[in-house]
Amino acid sequence: MARTTTEPRPSEARLRLLGTASKIFYAEGIHAIGVDRIINEAAVTRATFYRHFPGKEDLVVAYLQGADEAIRAQVSAGVAAASSPGDAVRAIAAGIADGIRSPGFRGCAFLNAVAEYPDPQSPVHQVVLAHRQWFLDTVVELMARIEPDEAEAAAQHFIMLRDGAMAAGCLFDPEAISETFLRGVNGLVERHGARHEPS
């Protein structure tokens with residue numbers, strides 16, 4: 001008989017620490033926030049903090065891993081609901097635009113984090129790179145299903161549109177930025193799909 005194993009449920013204290021840190025790190029940055037503030041706002045003891053996270057960097061990695069899991073789930077849902085690869089790319093873009101329009105939007109959590117952790121050997125930097133590679137691979141796969149020729153170039157174009165929209169969305173009118181981004185993605189999908197049409 002096959003054995004089944006289940007992941008132990010994270011403790012309430014760990015969830016509270018991670019939720020508190022995620023909110024503060026995203027809103028205010030990482031290096032500027034000390035462990036004491038996280039401990040105080042999460043209402044846990046210092047011993048509890050270090051039982052769950054050996055150091056601040058471990059908490060930052062967990063924060064980004066949580067963001068990665070949320071984005072993967074959002075992308076998976078959008079792709080699953082789409083009727084075509086082109087619509088799946090548009091659905092991913094729509095989810096990004098929704099985030100830009102959301103209250104408290106402050107850009108891309110991963111780009112913000114990597115700006116504070118530029119060392120490529122840093123575990124935080126490595127988490128950012130892994131997330132970015134997964135996202136690129138996902139878009140490349142969808143673009144290849146639309147038209148395999150130059151799918152990676154089209155995906156890189158999508159990423160550049162996304163990064164620009166994420167940077168501009170917290171500086172200028174998020175509605176206008178979102179509309180511009182969505183128009184750009186729609187045009188990209190249409191041009192890429194037109195490559196296989198007879199001339």
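In this text, all values refer to a predicted model and were calculated from it rather than measured experimentally.
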Worked check of side-chain contact (heavy atoms from CB on, under 4.5 Å) between V127 and Y117: CA-CA 11 Å; V127 170; Y117 289 85; over 6 Å; no
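- Within the 4.5 Å cutoff, the side chain of I24 has heavy atoms near those of the E41 side chain.
- Residue P120 comes nearest to H125 through the heavy atom pair CA-CD2, 3.5 Å, listed as atom of the first residue, atom of the second, then distance.
- Taken from CD1 in I159 to CZ in R132, the straight-line distance is 6.0 Å, to the nearest 0.5 Å.
- Atom CZ in R106 sits 15.0 Å away from atom CD1 in I100 (nearest 0.5 Å).
- In this structure, L129 is not a member of the same hydrophobic cluster as V124, with clusters built from ILVMFWY side-chain heavy atoms closer than 4.5 Å.
- With 3.5 Å as the limit, one finds no donor-acceptor pair spanning the side chains of E116 and N112.
- Here the CD-CD1 distance, from E57 to I30, works out to 10.0 Å after rounding to the nearest 0.5 Å.
- Between V61 and Q126, the closest side-chain pair of non-hydrogen atoms is not below 4.5 Å.
- The closest donor-acceptor contact from the side chain of S76 to the backbone of A73 lies at 3.5 Å or more, if one exists at all.
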Please table the atom pairs, donor to acceptor, closer than 3.5 Å between any side-chain atom in residues 166-175 and protein atoms at least two apart or in another chain.
residue: D173; atom: OD1; partner: E175; partner atom: N; Å: 3.2
residue: E175; atom: OE1; partner: R101; partner atom: NE; Å: 3.2
residue: E175; atom: OE2; partner: R101; partner atom: NE; Å: 3.3

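- Side chain of Y26 to backbone of G107: a donor-acceptor contact under 3.5 angstrom is found.
- The two residues A113 and V128 make their nearest non-hydrogen contact at CB-CG2, 4.4 Å.
- Minimum interatomic distance between A109 and Y63 (heavy atoms only, all atoms of both residues): CB-OH, 3.5 Å.
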Evaluate the criterion side-chain contact (heavy atoms from CB on, under 4.5 Å) for residue pair T138 and E141; output intermediate values, then yes/no. CA-CA 5 Å; T138 299; E141 181 182 345; 5.9 Å; no
Using side-chain contact (heavy atoms from CB on, under 4.5 Å), reason through I71 and F110 one step at a time and then give a plain yes or no. CA-CA 11 Å; I71 292 170; F110 294 90; 3.7 Å; yes
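- Taking CZ from R183 and CG from L161, the interatomic distance works out to 12.0 Å, rounded to the nearest 0.5 Å.
- Cluster annotation: I177 and I96 are assigned to distinct hydrophobic clusters (Ile/Leu/Val/Met/Phe/Trp/Tyr, side-chain heavy-atom contacts under 4.5 Å, transitive).
- Across every non-hydrogen atom of R14 and A62, the tightest pair is NH2-CB, 4.1 Å.
- F135 is not connected to M160 by any chain of hydrophobic side-chain contacts under 4.5 Å among Ile, Leu, Val, Met, Phe, Trp and Tyr, and they are in different clusters.
- V35 pairs with exactly one of I33, I39, I38 by the side-chain contact (heavy atoms from CB on, under 4.5 Å) rule, that one being I39.
- Residues V189 and G86 come closest through the heavy atom pair CG1-CA, 3.9 Å.
- Counting only distance, with no hydrogens or angles, the side chain of H192 and the backbone of A151 share no donor-acceptor pair below 3.5 Å.
- In this structure, H157 has no side-chain hydrogen bond (donor to acceptor under 3.5 Å, both in side chains) partners at least two apart in sequence or on a different chain.
- Between atom OG1 of residue T20 and atom CZ of residue R37 there is a gap of 10.0 Å, rounded to the nearest 0.5 Å.
- Between the side chain of N40 and the main chain of D36, a donor-acceptor pair closer than 3.5 Å is present.
- R72 contributes atom CZ, which lies 10.0 Å from atom CD of Q65 (distance to the nearest 0.5 angstrom).
- When every heavy atom of A88 is checked against every heavy atom of L142, the shortest pair comes out as CB-CD2, 3.9 Å.
- Taking the six-membered ring where tryptophan is involved, the planes of F53 and F49 are tilted, since the angle between them lies from 30° to 60°.
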Taking it one step at a time, do V140 and E152 satisfy side-chain contact (heavy atoms from CB on, under 4.5 Å)? CA-CA 5 Å; V140 169; E152 182 155 358; 4.2 Å; yes
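- Listed by chain and residue number, nothing satisfies the ring pair (Phe, Tyr, Trp, His ring centres under 6.0 Å) test with F181 (two or more places apart in sequence, or in another chain).
- L111 and V75 fall into different hydrophobic clusters, where Ile, Leu, Val, Met, Phe, Trp and Tyr side chains are chained together by heavy-atom contacts under 4.5 Å.
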